[in-house]
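Working notes, beginning with the structure itself.
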Amino acid sequence: MPVVPAPPAPVAPAPGVAPGGRRRRRRPANLRVYLLLVPAAIPVLVGLGYPLARQFVISFQEYGLAQQFGRPAEWVGLDNYVALLTDPYVWGVIARSVAFCLVNAALTMALGIALAVLMRSVGRAARLTLQVGMLLAWGTPVLATTTVWQWLFDSQYGVINWLLAEPLGLTGMRYHSWLIEPASFYLVATVIVVWMSVPFVVFTVYAGLLQVPGETMEAAQLDGASSRQRFWLITVPMIKPVLFVVALLQVIWDLRVFTQIHVLQRAGAPTRDTHLLGTYIYSLAKEFSMAGAMATIMLVLTLALTWFYIRRMLREEEM
């Protein structure tokens, strides 16, 4: 009896190609999908888009208090930007702001990740205590927290000076003023900013750590991987998207810090030597055009600092 050969297996069509060999046409996006975004897009455009556009327009004008009472604004082109970018003091403010931002973001990320790992490792009672403490530090208003830390570092009655002078024997620190010198001023500001920023990093990274499969970690442990190797070679790559997002937000927030610096300046610090971008823009409040130009420069600087993280996140999504 002759053997009948089996029919060839059907070949799946290539993506985007119909079974008959014709390329499929992509369906146009349903208009109703975009209409669903309108209710959310309108408040964003009104609340964020209009102020940004207005700021950008004012930065090219001569706009001060007189224009608030009806005097027409005069177009000056790039004069405001030239005046700011040719001022050495402005570049000093930008350098201080970038350095303060990067140092605070790095410290916040390091402490936040360490506490998140600790929270994952300790028992339930200790973890609950850490969570409550983090929530209290995170939920306290910025002004209240800054005021408390200002009292702690007070030169006359501050607890920090007492601890350094009495138990530790550093008598020269008994009436030390932390806000007079720029270096110690930024140290106090860093403590306050990191104190308030760490809880967000802790809770976000902790949520990411909970998504790491326990079976994977157990298999790596059975293969002889140490705890450090498991953390750097397994845990960190798995929560990398979370770390990128948190680092991106932290850089943006630390570059725009205002309340902590402003309150400490009003407590007696030398204003000109301790300005960051936020407080410097606030000091230009009577010159709306200069403040608008400086705010635009700050926006460009923020985009430049965060472009690396945005590009990495987009590359991760494409992979």
Side-chain angles (χ1 to χ4, degrees), residues 48 50-69 71 73-105 141-147 149-150 153 177-194 196-197 251-305:
L48 183 62
Y50 174 75
L52 282 176
R54 183 64 175 156
Q55 164 195 306
F56 188 70
V57 171
I58 289 178
S59 67
F60 293 98
Q61 296 177 335
E62 173 102 21
Y63 201 99
L65 292 176
Q67 282 69 29
Q68 287 287 312
F69 294 96
R71 179 182 296 180
E74 179 183 352
W75 286 89
V76 295
L78 297 174
D79 290 353
N80 295 324
Y81 292 95
V82 172
L84 289 171
L85 295 178
T86 55
D87 187 354
Y89 176 74
V90 173
W91 285 105
V93 172
I94 294 175
R96 287 199 300 266
S97 301
V98 172
F100 184 85
C101 165
L102 296 180
V103 169
N104 279 261
V142 179
L143 184 58
T145 301
T146 307
T147 303
W149 278 104
Q150 178 186 330
F153 281 97
S177 178
W178 293 88
L179 303 181
I180 295 299
E181 296 294 331
S184 56
F185 172 90
Y186 289 122
L187 174 63
V188 176
T190 297
V191 171
I192 300 173
V193 172
V194 171
M196 299 198 66
S197 303
V251 169
I252 295 174
W253 291 338
D254 289 342
L255 187 64
R256 296 169 53 246
V257 64
F258 170 78
T259 305
Q260 296 90 330
I261 304 299
H262 181 63
V263 172
L264 293 178
Q265 285 179 339
R266 296 187 63 182
T271 303
R272 183 172 176 83
D273 295 335
T274 57
H275 266 322
L276 295 183
L277 282 171
T279 53
Y280 181 63
I281 293 172
Y282 180 78
S283 70
L284 299 174
K286 294 182 180 179
E287 304 177 34
F288 296 95
S289 55
M290 298 293 286
M294 196 67 219
T296 304
I297 294 173
M298 181 179 178
L299 176 61
V300 173
L301 182 61
T302 303
L303 294 176
L305 287 176

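Starting from 1, each residue takes its place in the sequence as its number.
- In plain terms, the two heavy atoms of Asp273 and Tyr186 that are nearest each other are O-OH, 3.5 Å.
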Between Phe60 and Val76, does the side chain to side chain contact (heavy atoms under 4.5 Å, CB included) criterion hold? Intermediate values first, please.
CA-CA 6 Å; Phe60 293 98; Val76 295; 5.7 Å; no
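- The structure places CD of Gln150 at 9.5 Å from CG of Leu143, a figure rounded to the nearest 0.5 Å.
- Residues that satisfy the side-chain contact (heavy atoms from CB on, under 4.5 Å) test with Leu102, not counting sequence neighbours, are Val98.
- Separating the OG1 atom in Thr271 from the CG atom in Leu264 is a distance of 11.0 Å, to the nearest 0.5 Å.
- What you find for Cys101 and Val251 is that their closest heavy atoms are SG-O, 3.3 Å.
- The minimum heavy-atom distance linking Ile297 with Leu85 is given by the pair CD1-CD2, 3.8 Å.
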| message | Could you go through Thr146 and Trp149, starting from their C-alpha distance and side-chain angles, then the distance that decides it, and tell me whether this counts as side chain to side chain contact (heavy atoms under 4.5 Å, CB included)? | response | CA-CA 5 Å; Thr146 307; Trp149 278 104; 5.9 Å; no
Let me see the working for Ser197 and Asp254 under side chain to side chain contact (heavy atoms under 4.5 Å, CB included), right down to the final yes or no. CA-CA 9 Å; Ser197 303; Asp254 289 342; 4.2 Å; yes
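- Here the straight-line distance linking atom CZ of Arg96 with atom CG of Leu277 works out to 9.5 Å at 0.5 Å rounding.
- Between Trp178 and Phe153, the ring-plane angle classifies as perpendicular under the 30° and 60° cut-offs.
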Anything under 3.5 Å between a donor and an acceptor, one on a side chain of residues 280-295, the other on a protein residue two or more places apart or in another chain? List them.
{"unit_1": "Ser283", "atom_1": "OG", "unit_2": "Tyr280", "atom_2": "O", "d": "2.5"}
{"unit_1": "Ser289", "atom_1": "OG", "unit_2": "Gln61", "atom_2": "O", "d": "3.4"}

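- Note that CG of Leu276 and CD1 of Ile94 are 11.5 Å apart. Values are rounded to the nearest 0.5 Å.
- Classification of the Tyr89-His275 ring pair by plane angle, with boundaries at 30° and 60°, yields perpendicular.
- Across Ile180 and Gly268, no two heavy atoms sit closer than the pair CD1-O, 3.9 Å.
- The CG atom of Leu299 lies 7.0 Å from the CD atom of Gln55; values are rounded to the nearest 0.5 Å.
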List the atom pairs, with distances to 0.1 Å, where a side-chain N or O of residues 255-263 and a protein N or O form a donor-acceptor pair under 3.5 Å, not counting sequence neighbours.
none

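- Atom OG of Ser59 and atom CG of Asn80 lie 7.0 Å apart (nearest 0.5 Å).
- Residues Pro270 and Thr274 come closest through the heavy atom pair O-OG1, 2.7 Å.
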Kindly determine whether Ile192 and Val142 satisfy side chain to side chain contact (heavy atoms under 4.5 Å, CB included), including the steps that lead there. CA-CA 9 Å; Ile192 300 173; Val142 179; over 6 Å; no
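- The shortest heavy-atom contact between Thr190 and Phe100 is OG1-CE1, 3.5 Å.
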